[in-house]
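Count residues from 1 along the sequence. Every number for a ligand or one of its atoms is a count from 1 in the order of the listing.
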Amino acid sequence: METIQNYIQQHKDRFLNELLELLKIPSISADSAYKNDVLKTAEVVKKSLESAGCDSVEICKTDGNPIVYGEIIINPDLPTVLVYGHYDVQPADPLELWTSPPFEPVIKKTDLHPEGAIFARGACDDKGQMYMHVKALEFMAKTKQLPCNVKFMIEGEEEVGSVNLSKFVKANKEKLKNDVILISDTGMISNDVPSITTGLRGLSYVEIEVTGPNRDLHSGLYGGSIANPINVLTKMIASLHDENNHITIPGFYDKVENLSAEERAEMAKAPFSLEKYKKALQIEDVYGENGYSTNERNSIRPTLDVNGIWGGYIGEGAKTVIASKAFAKISMRLVPHQDWEEITELFTKHFESIAPKGVTVKVKPHHGGQGYVTPIDNIGYKAASKAYQETFGKMPIPQRSGGSIPIVALFEQELKSKTILMGFGLDSDAIHSPNEHFGLFNFYKGIETIPYFYKYFAELSK
Ligand code: BES
Ligand code: MN
Ligand code: MN
């Protein structure tokens, strides 16, 4: 019987070239100027699912970008795997920091990817990782080794909050019925330390507008006698953390899950070098909540970060002016049990309450979502763990991630199934940043590992 290893050897150049074609289309969901490219990408994904062996593939229209849905049902008695991924990508700016254009993929070697990595926006997040599933399906379908029914749902709005996908899921529960959900849109510790993501943080994202006087003012004539919206906004933001870097919003930590000493000790066993971490980011020291390690701070603890701040004069030279308005965008990463809508409300109430009388404050909530944890005692996790053992020769480490995929909690709520997060990217792959890349090793290792997940999931389901 044909092995996946042989199949990859025979087809690796084609697999790569197909992915490169997909990466050339700038499917940026945040910017409506790329609408046609988004639609074109959905078409390419549809064709790839058809040629991989899906029985039926459709492009499902939504109020936003379409969802590509495909399936291959071989036997209703077999378990069904639902694969989710996204074909949209983040904007590529700042363009001048890319060493090669973001939508002209090239292969370059890096320290962590000595075999080469594909440099392009979306290489890792998520076109490259999503495409591993298409190629794994191709292998299983073409060589008649498919042990499960498969459904694919690839969306085009993950990077802007999956609003239309949520509606689609709620309206199509029967169609999407499955025994396990499989996603590759996260990372692993390193190429020789495989890990499976067992947690995602939730998210609350808000935008703030602070208004002072009804017009921009001369900073000499009025300076000192009125509240300057930028001074006020920055002071208010600074007050959101105390001297221990705890967040000061009343009630913010009420529902935070506190891990036991055993769980924290288990987490601390994952290999991590603080020296390498600092060196890679060119920082003298790390910074964060007192009492927690770097890995805890960016995975099991909630955070509050300014993502953007603006107002006043930022052109060349100096203009003496007090701006009428100041703005900021703030993200709060949440941990399991914190409810994102409740946190958004707590934030809003607190932020409004600390504003001095001389300004008005508006808080506009953007998208958000709940966190998620995958239990490691279910057959989905076990099947994934066995798959990694087969292809990496090592037991993967369960690890919580700091990132968010809000739709995962909704899948559990609506479809009542668990999600297994088999991510093959590295944190250093620069997703959302200039020079995003995805290792060739990781791309092929993903394609190799996925069929074993299906095999073991089918076996363990019996
Ligand atoms: N794939 C990422 C999330 C991710 C990356 C999770 C690495 C864990 C490890 C996803 O595309 C993403 O960027 N999510 C957004 C949230 C979304 C609502 C815009 C995020 O985490 O900022
Ligand atoms: Mn992603
Ligand atoms: Mn992303």
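Heavy-atom distances between I431 and ligand 1 reach below 4.0 Å in at least one pair. Residue contacts with ligand 1 leave out Q90, since none of its heavy atoms falls under 4.0 Å from the ligand. At a 4.0 Å cut-off, at least one heavy atom of D185 sits close enough to ligand 1 to count as contact.
Using a 3.5 Å distance cut-off with no hydrogens or angles, the side chains of T348 and E352 do not pair a donor with an acceptor. For the residue pair N244 / H246, no side-chain donor-acceptor distance below 3.5 Å is found, with atom types taken as modelled. Counting only N and O atoms by type, the side chains of Y7 and E138 include a donor and acceptor under 3.5 Å apart. Residues N65 and N164 have side chains that never bring a donor and an acceptor to within less than 3.5 angstrom of each other.
Here K364 does not pair with E209 in a salt bridge; the nearest charged N to carboxylate O distance is not below 4.0 Å. Ionic pairing of E21 and K24 is present here: one or more N-O contacts between side-chain nitrogen and carboxylate oxygen are shorter than 4.0 angstrom. The pair K386-E390 does not meet the salt-bridge criterion, since no charged nitrogen lies less than 4.0 angstrom from a carboxylate oxygen. The pair K269-E266 meets the salt-bridge criterion, since a charged nitrogen lies less than 4.0 angstrom from a carboxylate oxygen.
Here the side chain of D179 pairs a donor or acceptor atom with the backbone of T80 at under 3.5 angstrom.
Distances below 4.0 Å separate heavy atoms of H86 from the following atoms of ligand 1: 11 (O). Each of the following atoms of ligand 1 lies closer than 4.0 Å to a heavy atom of P406: 18 (C). Atoms of ligand 1 found under 4.0 Å from any heavy atom of H367 (numbered from 1 in listed order, with element): 18 (C).
As for E159, its N/O/S atom nearest the Mn ion (ligand 3) is the one called OE2. Nearest N, O or S atom of D125 to the Mn ion (ligand 2): atom OD1.
Residue-level proximity to ligand 1 for H366 is absent, since no heavy atom of it falls below 4.0 angstrom. Residue-level proximity to ligand 1 for S162 is absent, since no heavy atom of it falls below 4.0 angstrom.
In terms of protein heavy-atom proximity, atom 19 (C) of ligand 1 is nearest to E159 O, 3.6 Å. Counting protein heavy atoms only, atom 21 (O) of ligand 1 is closest to R333 NH1, 2.8 Å. Looking only at heavy atoms of the protein, atom 8 (C) of ligand 1 is closest to S401 OG, 3.0 Å. Closest to atom 6 (C) of ligand 1 among all protein heavy atoms lies G403 CA, 3.7 Å.
The N/O atoms of S404, backbone and side chain alike, include one that comes under 3.5 Å of an N/O atom in ligand 1. Considering backbone and side-chain atoms together, D125 places an N or O closer than 3.5 Å to an N or O of ligand 1. At under 3.5 Å, a nitrogen or oxygen of E158, whether backbone or side chain, sits near a nitrogen or oxygen of ligand 1.
When H432, R400, M188, E157 are checked for heavy-atom proximity to atom 13 (O) of ligand 1, H432 turns out nearest.
Ring centroids of F424 and Y388 are separated by less than 6.0 Å, placing the two rings close together.
Closest approach of H133 and S184 over heavy atoms only: NE2-OG, 2.7 Å.
Under the 6.0 Å distance and 45° angle rule, K445 counts as a cation-pi partner of F392.
Draw a line from the Mn ion (ligand 2) to OD2 of D185 and another to NE2 of H86, and the angle between them is 90° (to 10°).
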